[in-house]
Q: 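Pasting a structure below so you can have a look.
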2 protein chains.
Amino acid sequence: MVSIKEVAKLAGVSIATVSRYINNPDQVKDATREKVQTAITQTGYAPNTLARNFRRGKSGIIFVVLPSVGDPFFEGVMHGIMQVAEELHYTIFIRETQFNTLTADDYSNMIFSKQADGIILLASVCPFTAPLERPGGNKQQPIIISCESVTPELSHFPSVRIDNIAASKEATEYLISLGHSNIGFIYGSHVSTLTLDRERGFRRAMKEAKMPVADGWVVEGGLNLDGARKATRKLLNHPQRPTAIFCANDEMAMGTLHEIKSAKLRVPEDISVLGFDDIRYAEILDPPLTTVAQPAEEIGERTMHRLCKAIEGRDIGDEVEIVPHKLVVRRSTSPLKKSK
Amino acid sequence: MVSIKEVAKLAGVSIATVSRYINNPDQVKDATREKVQTAITQTGYAPNTLARNFRRGKSGIIFVVLPSVGDPFFEGVMHGIMQVAEELHYTIFIRETQFNTLTADDYSNMIFSKQADGIILLASVCPFTAPLERPGGNKQQPIIISCESVTPELSHFPSVRIDNIAASKEATEYLISLGHSNIGFIYGSHVSTLTLDRERGFRRAMKEAKMPVADGWVVEGGLNLDGARKATRKLLNHPQRPTAIFCANDEMAMGTLHEIKSAKLRVPEDISVLGFDDIRYAEILDPPLTTVAQPAEEIGERTMHRLCKAIEGRDIGDEVEIVPHKLVVRRSTSPLKKSK
DNA sequence: CCTTAAAATGTAAACGTTTACATAAAAAGC
DNA sequence: GCTTTTTATGTAAACGTTTACATTTTAAGG
């Protein structure tokens with residue numbers, strides 16, 4: 001493997017000059033520049049990133065941790081993140097967790113061991129456990145949580161997200177304003193604080209409207225199609241069948257839509273369906289899905305800016321930064337027909 | 001930042017012993033092990049990955065390059081890849097290309113500069129251009145192409161994929177066997193060799209069946225929803241409206257389905273729709289989508305195994321490794337009604 | 001053309017590991 | 001208990017950069 005030394009020798013300069021040519025070209029004279037460039041092309045030299053990062057003490061890398069590639073919701077967030085990353089010269093690496101659940105301590109370790117300069121945790125990434133107390137003192141680490149609501153004991157991680165409880169409550173109130181009172185709710189999973197919050201918002205709205213939530217109206221959808229389909233079947237077979245179903249995300253709403261139609265019922269005439277996220281498929285579903293939109297790109301940008309501040313060593317606090325959500329009404333919801 | 005030196009000092013041993021404790025614990029005596037472990041916990045030491053990788057000359061990292069997180073097709077492939085990665089102790093980093101198109105030379109460079117030990121390129125990653133000839137000699141680099149069909153001049157990269165031409169031809173023949181002769185085709189984009197191949201298969205089938213392909217029956221869908229919707233509208237307004245539309249991937253088929261229904265036409269009664277990939281949404285669409293399934297997980301596994309062989313320095317040739325595809329018939333296609 | 005200031009280049013140390021080799025300690029053989 | 005073998009530990013070099021500092025070259029000022 002050709003190193004900077006050989007380039008230097010061939011160009012007849014010192015290795016320092018070669019290094020400068022690569023990192024601060026304007027510090028080297030035109031004539032030398034040419035000599036060095038020729039030597040580089042001739043040898044096919046490429047700087048060893050491993051050595052460079054080691055020497056610099058930072059990698060310029062930011063991890064984005066997410067449960068699964070192939071989840072349409074993250075697209076927008078990633079857009080925002082990558083835009084800022086480009087601007088600030090960071091490289092983004094996505095780490096898919098899939099099944100294996102890493103703990104907050106694992107992430108903490110990635111920073112300590114210099115694998116990355118910072119980490120962004122996207123929704124439902126792990127059953128969070130508090131990180132190890134390090135003897136070095138727990139000064140702020142460049143780790144930030146995006147989209148996900150966190151449990152209180154982890155509140156010392158900064159985060160950026162919408163107000164899931166409020167958004168969910170509003171959406172439920174919309175359903176109520178349409179005349180619905182029998183409303184089913186499909187949440188994600190118990191490890192997803194985010195969908196738990198959405199459930200909380202749902203329940204709060206129901207309570208304030210003095211509407212009872214029957215046993216079996218709130219079911220787990222596992223955050224995926226199959227889970228949602230099973231959950232929907234349960235709701236359809238419920239003795240008091242809901243006239244509206246609120247799904248904690250759009251992916252699940254897709255499954256719900258399918259099951260309702262498979263049961264020869266119509267959406268929204270027989271049952272209204274409400275989703276969450278406003279993924280790109282929402283508007284082309286049949287019928288187009290009413291859902292809560294998150295400003296995904298904005299979330300990504302803000303997350304990234306805040307994280308970079310932390311990387312620079314500035315204090316970014318541990319507050320939650322709330323961005324606005326928006327209810328997008330399409331055609332999967334309609335006023336309750338009094339066709340009793 | 002606490003380094004191995006401080007641990008050594010605290011434990012009263014040499015840094016070599018600490019290093020050995022971390023990498024080959026069985027080489028150190030029980031008593032020493034304990035001392036070192038205590039020192040590690042006490043100092044909160046974590047090995048500096050940057051230094052370690054630098055010293056070892058390899059990072060243990062494999063890049064998977066893909067156009068967009070949020071594309072449901074890649075899920076299965078990633079599954080396969082990550083499974084093998086775990087087995088072989090590699091870490092997978094996903095790099096999203098989004099808009100910026102990297103050239104094959106950029107990838108080549110990532111290897112030379114030791115950013116990664118190997119690279120997997122997933123479908124439609126870049127408008128490939130041949131890589132720079134390096135003076136070191138172009139001995140095989142650990143770069144492999146997965147899913148994507150490559151242009152001839154790039155055939156020196158090994159790859160793993162289905163036979164897109166054959167698969168597409170078969171699917172078209174299926175449509176023909178149903179009695180269709182007016183068939184529209186929505187391809188992805190001209191930079192995606194993969195969808196170009198699918199178009200080739202389509203045309204070949206039509207030609208063999210002696211069916212003309214009218215001007216305007218083959219349109220670009222941009223590999224996304226919006227593009228496919230526009231393309232579909234063009235097809236619907238065509239003077240000779242197709243009775244079947246074949247989309248080069250399922251994502252586009254989703255858009256097509258939507259547009260057809262928006263135009264108050266029925267699928268499959270008025271128009272049959274055929275997709276490609278068999279993403280997880282295919283079966284819950286309305287109607288469930290007939291499509292060509294790829295053994296995504298298997299592709300991932302094979303790609304990874306072959307890549308790792310290359311990383312170990314073994315010769316893996318530059319052949320295409322073909323895996324079998326399968327037509328999955330659902331309800332978006334039906335025999336042509338002779339209701340003329 | 002000489003002096004001084006500015007710009008360009010060179011020298012050498014440092015970053016935190018791993019590892020070949022040398023040495024010391026422990027175990028085994030008699 | 002002494003020699004030999006095995007096992008455990010220590011010493012020190014090396015990996016390829018970057019960068020503070022020293023030195024040389026060039027430009028500027030008179």
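Chain naming here is simple, since letters A, B, ... match the order of the sequence lines and numbering starts at 1 in each. Owing to the predicted nature of the structure, the values given are computational and were not obtained by experimental measurement.
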Q: Any donor-acceptor pair under 3.5 Å linking the side chain of B/D117 with the backbone of B/S59?
A: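 Side chain of B/D117 to backbone of B/S59: a pair is present.
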Q: Which of the following nucleotides, C/dT17, C/dC15, D/dT9, is nearest to the side chain of B/T32?
A: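 Nucleotide nearest to B/T32's side chain: D/dT9.
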Q: B/D26 CG to D/dT7 P: how many Å, rounded?
A: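 Whole-Å distance recorded here is 12 Å.
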Q: Do B/Y107 and B/Q141 meet the criterion of a side-chain donor-acceptor pair at a distance under 3.5 Å?
A: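 Side-chain D/A pair, B/Y107 to B/Q141: absent.
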Q: Would you indicate, yes or no, if D/dT17 has its OP1 or OP2 atom less than 4.0 angstrom from a side-chain nitrogen or oxygen of A/Y45?
A: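 So the side-chain polar atoms of A/Y45 do come within 4.0 Å of the phosphate oxygens OP1 or OP2 of D/dT17, strictly under.
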Q: For B/E34, does the CD atom have more than 12 heavy-atom neighbours from other residues, nucleotides or ligands under 6.0 Å away?
A: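 At most 12 heavy atoms, drawn from other residues, nucleotides or ligands, come within 6.0 Å of this atom.
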Q: How many whole angstroms separate atom CG of B/L50 from atom C1' of D/dC15?
A: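 Value for this atom pair: 14 Å.
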Q: So which pairs with a foot in residues 299-309 of chain B pass salt bridge (charged side-chain N to carboxylate O under 4.0 Å, His left out), sequence neighbours left out?
A: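 Qualifying pairs: B/E298-B/R302, B/R302-B/E321, B/R306-B/E319, B/R306-B/E321.
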Q: In whole Å, what is the span from the CZ atom of B/F54 to the P atom of D/dT18?
A: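 Atom-to-atom, B/F54 to D/dT18, this comes out as 11 Å.
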Q: Output the rounded distance in Å from CG (A/N53) to P (D/dT18).
A: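 Rounded to the whole Å, the gap is 10 Å.
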Q: Quick one: does any side-chain atom of B/N24 pair with a main-chain N or O of B/Q27 as donor and acceptor, under 3.5 Å?
A: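 No.
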Q: Provide, to the nearest angstrom, the distance between the CZ atom belonging to A/R33 and the C1' atom belonging to C/dA7.
A: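 Rounded to the whole Å, the gap is 13 Å.
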Q: Distance check needed: D/dG10 C1' versus B/Q27 CD, whole Å only.
A: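 Value for this atom pair: 14 Å.
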Q: Output the rounded distance in Å from NZ (A/K5) to P (D/dT18).
A: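 Checked: the NZ to P distance equals 14 Å.
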Q: Name the residue closer to the 5' end of DNA chain D, choosing between A/V18 and B/A31 according to the nucleotide with the nearest heavy atom.
A: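 Residue closer to the 5' terminus by nearest nucleotide: B/A31.
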Q: Closer to the 5' end of DNA chain D via nearest nucleotide, is it B/V28 or B/A51?
A: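 That would be B/V28.
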Q: Rounded to whole angstrom units, what separation is found between the NZ atom of B/K35 and the P atom of D/dG10?
A: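 Rounding to the nearest Å, NZ of B/K35 and P of D/dG10 are 7 Å apart.
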Q: For the side chain of A/E96 and the backbone of A/V69, is there at least one donor-acceptor N/O pair under 3.5 Å apart?
A: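 Such a contact is found between A/E96 side chain and A/V69 backbone.
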Q: Does B/S14 put a side-chain nitrogen or oxygen below 4.0 Å from OP1 or OP2 of D/dG10?
A: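 Answer is yes, contact under 4.0 Å.
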Q: Each nucleotide N or O in nucleotides 19-27 of chain C that has a protein N or O under 3.5 Å away: list the pair and distance.
A:
none

Q: Please name the residue in the list B/M304, B/M82, B/M78, B/R95 that meets the side chain to side chain contact (heavy atoms under 4.5 Å, CB included) test with B/V64.
A: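 Result: among B/M304, B/M82, B/M78, B/R95, B/M78 is the only option passing the side chain to side chain contact (heavy atoms under 4.5 Å, CB included) with B/V64.
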